[in-house]
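Report on one structure; see the data block that follows.
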2 protein chains.
Amino acid sequence: MQKVLRLLTIEKLIAGEKISSQEILLKKLRGAGIKCTQATLSRDLRQLGVSRIPDGEGSYMYSLTGTGRSQHERGSTVNMLSVVSEIVEAKGLMVIRTIPGHANATAYFIDNSRRYEIAGTIAGDDTILVIPRNGISLKQVHTCLELIIPGLHNQIRNGSPETRAV
Amino acid sequence: MQKVLRLLTIEKLIAGEKISSQEILLKKLRGAGIKCTQATLSRDLRQLGVSRIPDGEGSYMYSLTGTGRSQHERGSTVNMLSVVSEIVEAKGLMVIRTIPGHANATAYFIDNSRRYEIAGTIAGDDTILVIPRNGISLKQVHTCLELIIPGLHNQIRNGSPETRAV
DNA sequence: GCACTTTCTGCATATTTATACAATTTTTTT
DNA sequence: AAAAAAATTGTATAAATATGCAGAAAGTGC
């Protein structure tokens, strides 16, 4: 339980500010009342799919844009739920909005479900484009997403639950 | 001039296969007739915006998905072939799946071909959306992609309804 | 409760990556 | 072409990150 909180806090911290090393992240965590060692952090970051990327200004920063496959394992759907803010249909496609910086992790989570209905997803910073396969209605995709992230529909206020095929 | 060649080769190598450390990259480079030290590589990777990301299987790999989009030319098609895992048609669009972290490099390659048939591409982490021009059929796009990346069709089990993700 | 299994974590350390500095090469200016 | 300035590189090393291992904690079933 302590671990889940730590992972969430790490994500939040990384999404919120430039953090250039695990040592610094360690201090921020400590400031948030969470204490662990650099070794644990290294493992957490791998699990979250977080990577250290050049920030374009001669230094480095951590980023969530990696391949966070582990999101898929074990009940982190709660986690997913909390970052999705809106679902919109457009042009036979589905657009999912998340809180900033979380599109990739969420998209990867969806990809990883390997549902037939979904041809693929593309994620930016806070937007995911879900591309259904031919012959799949948006309603089917909705159902499918609900399977992947249970509780999704209830979570969303602004989405359009009544969908129709294209 | 030696450096430019080295940067290009690094991009090509990283786009084409999983490389997990600078030491390994160093050896590959040496195999390609380019010789330098790890220190130089570290600097090159920063300049290219390359980052080391968790590969989702407990290890790490280098990826071009970082900030620094270096405008260099095309990778080798051989390498491109090895990262594409699936092609699916959907909603009049084409979705190409790659191994994680390689969508950008592949998309860039496709963009660079400047084929008329393709209006543009959008790439996430492991998914590329290929948008055909108006009036262009998916079959034409297929042919076009085959021209850009010869051997593509043979490589891929196309997204027919019976296809399963691997 | 207890035994058993699995997951998690810190410690110490190995591995990997980044950088200060000096030397060299390339480019620019005169 | 020489001088000056800027960029590139290797060496050695610092800094940062990953991991084997053993113990701790958390979960499972009885």
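Looking only at distances, no side-chain donor or acceptor of Ser42(A) sits under 3.5 Å from a matching main-chain atom of Gln38(A). In this structure a side-chain-to-backbone donor-acceptor pair under 3.5 Å is present from Arg46(A) to Gly58(B).
Listed nucleotides: dT8(D), dT19(C), dT17(D). Nearest to the side chain of Lys3(B): dT8(D). The side chain of Ala39(B) lies closest to dA12(D) when the candidates are dT17(D), dA12(D), dG10(C). The side chain of Thr37(A) sits closest to dG10(C) out of dT19(D), dG10(C), dT17(C).
Between Tyr60(B) atom OH and dA14(C) atom P the separation is 19 Å, expressed in whole Å. Arg52(A) has its CZ atom 16 Å from the P atom of dT16(C), to the nearest Å. If you measure from atom CG of Leu41(A) to atom P of dC8(C), you get 15 Å, rounded to the nearest angstrom. Put simply, CD on Gln22(A) is 13 Å from P on dA18(C), counting in whole angstrom units. Here dT7(C) presents its P atom at 16 Å from CG of Asp44(A), a figure rounded to the nearest Å.
When the nearest nucleotides of DNA chain D are assigned to Ser59(B) and Arg43(B) by heavy-atom distance, the more 5′-ward of the two goes with Arg43(B). Each of Leu45(A) and Gln38(B) was assigned the nucleotide of DNA chain D with the nearest heavy atom; the assignment lying further toward the 5' end belongs to Gln38(B).
Residue contacts for Ser42(B): at a heavy-atom cut-off of 4.0 Å it reaches a base atom on one of the strands shown.
Between the side chains of Lys3(B) and Gln47(B), at least one donor N or O lies within less than 3.5 Å of an accepting N or O.
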